[in-house]
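Counting starts at 1 for both ligands and their atoms, following the listed order. A quick note: this is a predicted structure, and the numbers were derived from the prediction, not measured.
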Amino acid sequence: MFPLSRPRRLRRTPAMRDLVRETTLDARDLVYPLFVRHGKGLKNEIKSMPGNYHFSPDRLIEEVGEAMEEGIRAVLLFGLPERKDPEGSEAWADDAAVQTAVRDLKREFSDLIVITDVCLCEYTSHGHCGVVQDGEVLNDPTLDLLARAAVSHAQAGADIVAPSDMMDGRVAAIRRGLDEAELDQVSILSYAAKYASAYFGPFRDAADSAPQFGDRRAYQMDPANAEEALVEVGLDLDEGADMVMVKPALPYLDIVRMVKDSFGVPLAAYNVSGEFSMLVAAAERGWIDRERAVLETLTSIRRAGADIILTYHAREAARLLGK
Ligand code: PB1
């Protein structure tokens with residue numbers, strides 16, 4: 001009881017605060033999401049996500065080299081196809097932008113972890129994450145296509161494939177496809193608890209992946225549901241996921257904590273495009289201190305239980321952590 005107990009004693013000096021700090025961030029916990037498209041010499045800024053770009057594979061190598069010098073050890077690749085069709089067939093084309101970039105990056109940087117996003121929405125003409133028939137996204141016919149995309153990424157050299165589609169049974173289908181292709185050493189990071197979030201807006205602009213009709217509520221989770229996240233994570237782990245993810249992050253820190261406490265497996269949280277762009281916009285208007293807000297955001301996600309944080313702030317945070 002006061003005055004015997006004085007918590008402020010442990011906050012008196014920077015050194016004392018460092019001594020008792022409970023949560024630390026390290027650049028090696030961060031995954032840097034990147035967008036790659038066909039071409040040469042391309043580095044085109046994404047208006048809704050300032051400081052993020054569409055790269056051609058050659059310029060992507062430059063960007064990743066700089067990020068690694070700042071301490072980043074893992075990247076996540078999203079592809080923008082040259083052509084779209086109802087099935088999203090460029091998702092599994094060996095000469096597509098992602099597959100090309102994976103080969104180039106693994107050749108250039110032996111100690112880089114390359115993660116690929118496995119989904120169809122960037123590649124389908126209708127923008128949904130699966131096969132569409134009569135206005136409905138069909139679950140089971142989509143599984144084989146996702147497995148083909150994952151295998152093509154793994155054959156190009158991806159260390160981890162990350163299915164973000166939210167189809168039921170996709171982890172088992174991808175694990176089976178990888179093992180049948182003798183790619184049993186490739187890991188699966190499942191977007192296990194992924195919510196139908198408004199915070200994906202800037203990404204859909206960046207990846208040109210907004211659904212042309214309807215929305216994703218029939219396959220992504222209801223933001224109102226927490227228990228359901230434990231069901232989804234349990235199923236994906238049973239199907240062979242090596243790591244799981246909660247997405248988005250900041251509005252779902254309760255889910256991050258629940259999943260970490262319930263399963264104790266490597267857990268990622270995705271600090272998504274809307275979270276990124278909101279912070280950047282407020283900082284640009286002088287409403288918040290950008291550097292402090294970035295570190296506070298990522299520390300909060302880490303404190304909630306995330307071992308791995310996917311964030312567009314990765315390079316900036318790595319530079320700040322390096323200071
Ligand atoms: O940063 C982001 O907003 C990521 C968006 C995310 C990428 N995996 C999905 C958003 C969406 O539902 O459009 C893409 C789904 N495959």
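With M49, M166, K247, Q220 as candidates, the residue nearest to atom 6 (C) of ligand 1 on a non-hydrogen basis is K247. Counting heavy atoms only, Y312 comes closest to atom 1 (O) of ligand 1 of the residues Y312, F200, F203.
Residue contacts with ligand 1: D165 is excluded, as none of its non-hydrogen atoms falls under 4.0 Å. Within the structure, the closest approach of E122 to ligand 1 does not fall below 4.0 Å when heavy atoms are considered. Contact annotation: F276 has no heavy atom less than 4.0 Å from any atom of ligand 1.
Ring centers of Y312 and Y32: at least 6.0 Å apart, outside the cut-off. A ring-centre distance under 6.0 Å is found for Y195 and Y252.
Both I46 and F78 are members of a single hydrophobic cluster when ILVMFWY side chains are connected at heavy-atom separations under 4.5 Å.
Distance from atom 3 (O) of ligand 1 to its nearest protein heavy atom, with residue and atom name: S273 OG, 2.8 Å. The protein atom (non-hydrogen) at minimum distance from atom 9 (C) of ligand 1 is K194 NZ, 3.0 Å.
Annotation for ligand 1: atoms under 4.0 Å from non-hydrogen atoms of D117 are 8 (N). For ligand 1, the atoms lying closer than 4.0 Å to a non-hydrogen atom of Y191 are 8 (N). Close contacts of ligand 1 with S164, meaning ligand atoms under 4.0 Å from a residue heavy atom, involve 8 (N), 15 (C), 16 (N). Taking every non-hydrogen atom of C119 and a distance limit under 4.0 Å, the qualifying atoms of ligand 1 come out as 16 (N).
At least one N or O atom of R204 sits closer than 3.5 Å to an N or O atom of ligand 1.
Between the side chain of D236 and the main chain of V233, no donor-acceptor pair closer than 3.5 Å is present.
Between R59 and E62 there is a salt bridge, since a side-chain N of the basic residue sits under 4.0 Å from a carboxylate O of the acidic one. A salt bridge is absent between K194 and D165: the closest approach of a Lys/Arg side-chain nitrogen to an acidic carboxylate oxygen does not fall below 4.0 angstrom.
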| task | Applying salt bridge (charged side-chain N to carboxylate O under 4.0 Å, His left out), run through R37 and E82 and close with a yes or a no. | result | CA-CA 8 Å; R37 66 182 321 140; E82 281 196 308; over 6 Å; no
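Taking the six-membered ring for Trp and thresholds of 30 and 60 degrees, F213 and H128 have ring planes inclined between 30 and 60 degrees apart.
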